[in-house]
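Written below as structure tokens is the structure these notes are about.
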Amino acid sequence: NLHERMPVSEIPEWNQLGNSFNLMASSLENVEQRRRELIGDMTHELRTPLTVIRGYLEELASGSIEPSSELYLRLVKETRRLERLIHDLQELSQVEAGYLSISVQPISLVPLLKSLVEKFADQIMDDGPIIKLDYSSDLPPVLADSDRTEQILVNLLGNAIRYTEKGTITVQAWRNRHRVWIAVTDTGIGIKPEDLPFVFERFWRADKSRSSYSGGTGIGLAITRRLVELQGGTIEVESEVGKGSIFRFFLPVA
Ligand code: ADP
């Protein structure tokens, strides 16, 4: 047998096999690397509110601060933040591990958009932004998972409201060939050009102190992008500081 006398590296089939093993090993390393990074990031994010809570509790225990309702409210706020983080992290780890089940079927967007816009309009304070819906009359059904699509829109609308003091938030939907585009536009604080490439990265926040004050976790857009991609779409953003932002994604026409 020729192969027995040949060095392994000179056997073409063997080389091919070796290449696929290398590929497999390197993609496993990637998964492992991502898992390690995720755990590292998660630990870091969870530690911050816990440190604040422990600090207050220790000061209370030693008597260096007096209990007050304001203090308890601060503790409640940090605990809520922890809860939100844990909830978001659970979703993030599901999408990143590929455990999320997506079942696409033809859905009609207009009722979904209408009910979401109404729900959010009810939540906005009187002096907050107004919210508008604008869609073309011939909007075809899309091939999508209705729950996941709702989740995408909830994330985008939540951000638009959070980062817009006053002005208008517009939800638009229109058809372009085999795609239905959905855009959420706001007249809020906007995002700096140098920050734009990072907005879909997990745990990324433009201004950590401001976002943690507004309750942001920096996870929403990472999940949003994965949910759009799992349904065969893509998402993009355009923004100008002081003018506002537009987040746009498409879903395939059914
Ligand atoms: P967060 O929970 O902090 O809002 P996201 O992943 O949803 O996390 O968003 C990441 C960051 O992108 C936010 O912290 C904010 O800095 C920026 N951002 C997202 N949406 C908007 C928007 N509509 N206007 C301005 N900045 C935004």
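Counting from 1, the numbers follow the sequence of the chain as shown. Just follow the structure's listing: the first ligand is 1, and inside any ligand the first atom is 1. Note that this is a predicted model, so its numbers are computed, not measured.
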May I ask you to say whether Glu83 pairs ionically with Arg80, meaning some side-chain N is under 4.0 Å from a carboxylate O? no
Approximate separation, where rounding is to 0.5 Å, of Ile161 CD1 and Met125 CE: 11.0 Å
Under 3.5 Å between any N/O of Val199 and any N/O of ligand 1: does that happen in this structure? no
Side chain, backbone, both or neither: Leu221 near ligand 1, heavy atoms under 4.0 Å: both
Proximal atoms of ligand 1 relative to Ile191 (non-hydrogen, under 4.0 Å): 25 (C), 26 (N), 27 (C)
Are any of the side-chain nitrogens in Lys114 or Glu118 under 4.0 Å away from the carboxylate oxygens of its partner? no
At the 4.0 Å heavy-atom cut-off, does Gly190 count as touching ligand 1? yes
So for Arg202 against ligand 1, with non-hydrogen atoms under 4.0 Å, the contacting part is neither
For ligand 1, indicate whether the residue Ala206 contacts it via side chain, backbone, both or neither (heavy-atom separation under 4.0 Å). both
Search all heavy atoms of Leu75 against all heavy atoms of Tyr56 and return the closest pair with its distance. CD2-CB, 3.7 Å
Any N or O on Asn159 sitting closer than 3.5 Å to an N or O of ligand 1? yes
Close approach of Phe247 to ligand 1, heavy atoms, under 4.0 angstrom: yes
Taking atom CG of Leu227 and atom CG of Leu221, what is their separation to the nearest 0.5 Å? 11.0 Å
What atoms of ligand 1 come within less than 4.0 Å of a heavy atom belonging to Arg162? 1 (P), 2 (O), 4 (O)
Any ion pair linking Arg205 and Glu45 (charged N to carboxylate O, less than 4.0 Å)? yes
I'd like to check which ligand 1 atoms, numbered from 1 as shown, lie under 4.0 Å from a non-hydrogen atom of Ile219. 6 (O), 8 (O)
Answer yes or no: is there an ion pair linking Arg54 with Glu58, defined by an N-O contact shorter than 4.0 Å? yes
